[in-house]
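Just so you know, these numbers come straight off a predicted model, no measurement behind them.
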Amino acid sequence: MVGPARPQFVLFGSSIVQLSFSNGGWGAILSDIYARKADILLRGYYGWNSRRALLVLDQVFPKDAPIQPSLVIVYVGGNDSMGPHPSGLGPHVPLPEYVENMRRIATHLKSLSCATRIIFLSTPPVDEARINQGTSEIFSELIRTNELCQKYSDACINLCHELGVKVVDLFTAIQKRDDWKNACFTDGIHLSEEGSKIVVAEILKVLKQAEWKPSLHWKSMPTEFSEDSPYDLVAASGERTLNPSDWTFHREIQWD
């Protein structure tokens, strides 16, 4: 543990979470935005579905931990929504079970601390044509359709409304861009940098609008080591230094 202590944001789920730190992904973007605000931690991995998430829930989020996360962002659903394999193996989880699993995940996270906030991300769409063209020979047939994605997305959103959990409707948000199939994915499933920018914008929108105290929106959180210092760069006047602690000019997008 390094100091000083500051809020922890945990990204939990499947490969869309794991890959969020690669190639301009949404986890990497959030880490930049919150570089002097909070620690962004990754606990999501390739292939995980809601069953696998439940199996590790107590290990990743122990209720007796001395420090609990300030925010947990959960993405689980894309793998669950895949069509079932005849063998019974694979990531598919029937919709009613998926909803119950997500309910249990939300209930567990709510129990960690009265100050732990939660955002669920619903299942995004896929580019069916690219998936069907690019399936590797090492996999059996991948049954991923937008009809299935929408069913699992809608179920997640409805559950969140029932439980009072904040949710981002990725299925709708991604498709607001006219060229979403070409621009938002690396392989028809996983998010490109452009797709990740949409995720970040939607998460920040939730954080800004939420009436949480304290606020977890980056502009409302204290900046670490923000005091003036005689060791900072000297201003053109030569009479003072320039405090760089809130500089954002390096960002391609000036996030709200």
Side-chain angles (χ1 to χ4, degrees), residues 11-31 42-53 73-99 101-102 120-158 167-203 252-253:
L11 315 183
F12 180 61
S14 60
S15 55
I16 280 181
V17 173
Q18 179 176 334
L19 298 182
S20 73
F21 277 77
S22 297
N23 304 315
W26 58 275
I29 297 172
L30 288 175
S31 291
L42 186 150
R43 294 295 185 274
Y45 306 109
Y46 266 118
W48 281 16
N49 59 9
S50 61
R51 289 174 179 168
R52 189 73 178 270
I73 300 177
V74 179
Y75 170 70
V76 177
N79 292 324
D80 298 66
S81 71
M82 289 179 62
H85 192 273
S87 68
L89 299 172
H92 169 73
V93 175
L95 186 59
E97 182 187 346
Y98 166 74
V99 171
N101 291 346
M102 297 299 281
F120 276 18
L121 308 179
S122 81
T123 303
V126 295
D127 181 355
E128 295 179 27
R130 201 175 340 172
I131 294 171
N132 292 334
Q133 292 170 0
T135 300
S136 168
E137 293 181 358
I138 68 171
F139 298 122
S140 62
E141 180 185 8
L142 297 179
I143 304 175
R144 286 183 180 266
T145 68
N146 283 316
E147 180 181 2
L148 289 170
C149 289
Q150 184 168 19
K151 287 181 179 179
Y152 282 70
S153 175
D154 289 346
C156 177
I157 293 167
N158 291 336
V167 62
V168 171
D169 179 358
L170 285 186
F171 189 85
T172 298
I174 294 290
Q175 293 184 81
K176 287 181 179 178
R177 180 164 171 160
D178 290 340
D179 62 345
W180 64 272
K181 290 183 180 180
N182 294 323
C184 293
F185 304 105
T186 60
D187 55 5
I189 299 171
H190 299 102
L191 298 173
S192 66
E193 183 174 354
E194 293 302 309
S196 283
K197 289 174 183 176
I198 295 172
V199 178
V200 171
E202 294 297 321
I203 290 172
E252 178 186 1
I253 297 175

* Nearest atoms (heavy-atom pairs only) where Q175 meets P125 -> CG-CG, 3.7 Å

* Asked: How many angstroms lie between CG in N101 and CG in N49, if you round to the nearest 0.5 Å?
  -> 8.0 Å

* Asked: Any side-chain heavy-atom pair from L148 and M82 closer than 4.5 angstrom?
  -> no

* Kindly compute the distance separating SG (C156) from CZ (F171), expressed to the nearest 0.5 Å. => 13.0 Å

* N/O donor-acceptor pair under 3.5 Å between D80 side chain and L95 backbone -> no

* To do: In plain terms, say whether E252 and K197 are close enough for a salt bridge, that is, a side-chain N and a carboxylate O under 4.0 Å apart.
  => yes

* Does any non-hydrogen side-chain atom of L19 lie less than 4.5 Å from one of Y46? -> yes

* To do: Would you name the heavy atoms of V76 and G13 that are closest together and state the gap between them?
  => CG2-CA, 3.9 Å

* To do: Over 60° means perpendicular and under 30° means parallel, so classify the ring planes of Y98 and Y152, tilted if in between.
  => tilted

* Spacing of I73 atom CD1 and L30 atom CG [to the nearest 0.5 Å] -> 5.5 Å

* Asked: Is the closest side-chain heavy-atom distance between I131 and I189 below 4.5 Å?
  -> yes

* Asked: Would a 4.5 Å heavy-atom cut-off, applied to side chains only, mark F185 and L191 as touching?
  -> yes

* To do: If a pair satisfies side chain to side chain donor-acceptor pair (under 3.5 Å) and one of its residues is in residues 14-27, list it, with sequence neighbours excluded.
  => S15-H190

* **Where G47 and P91 come nearest, the two heavy atoms and their spacing** => O-CB, 4.5 Å

* Under a 4.5 Å cut-off applied to non-hydrogen side-chain atoms, are F12 and L42 in contact? -> no

* Asked: Between atom OG of S50 and atom CG of N79, what is the distance when rounded to the nearest 0.5 Å?
  -> 9.5 Å

* Tell me yes or no: between the side chains of N132 and R144, is some donor less than 3.5 Å from an acceptor? => no

* Closest approach of S192 to A183 (non-hydrogen atoms, all atoms of both residues) -> OG-O, 2.5 Å

* To do: Check G25 against S196 and note the closest heavy-atom contact, atom names and distance.
  => CA-OG, 3.4 Å

* To do: Mind checking the CD1-CG spacing from I198 to L170? Nearest 0.5 Å is all I need.
  => 9.0 Å

* Asked: If you take all heavy atoms of G44 and V17, which pair is closest and at what distance?
  -> CA-CG1, 3.8 Å

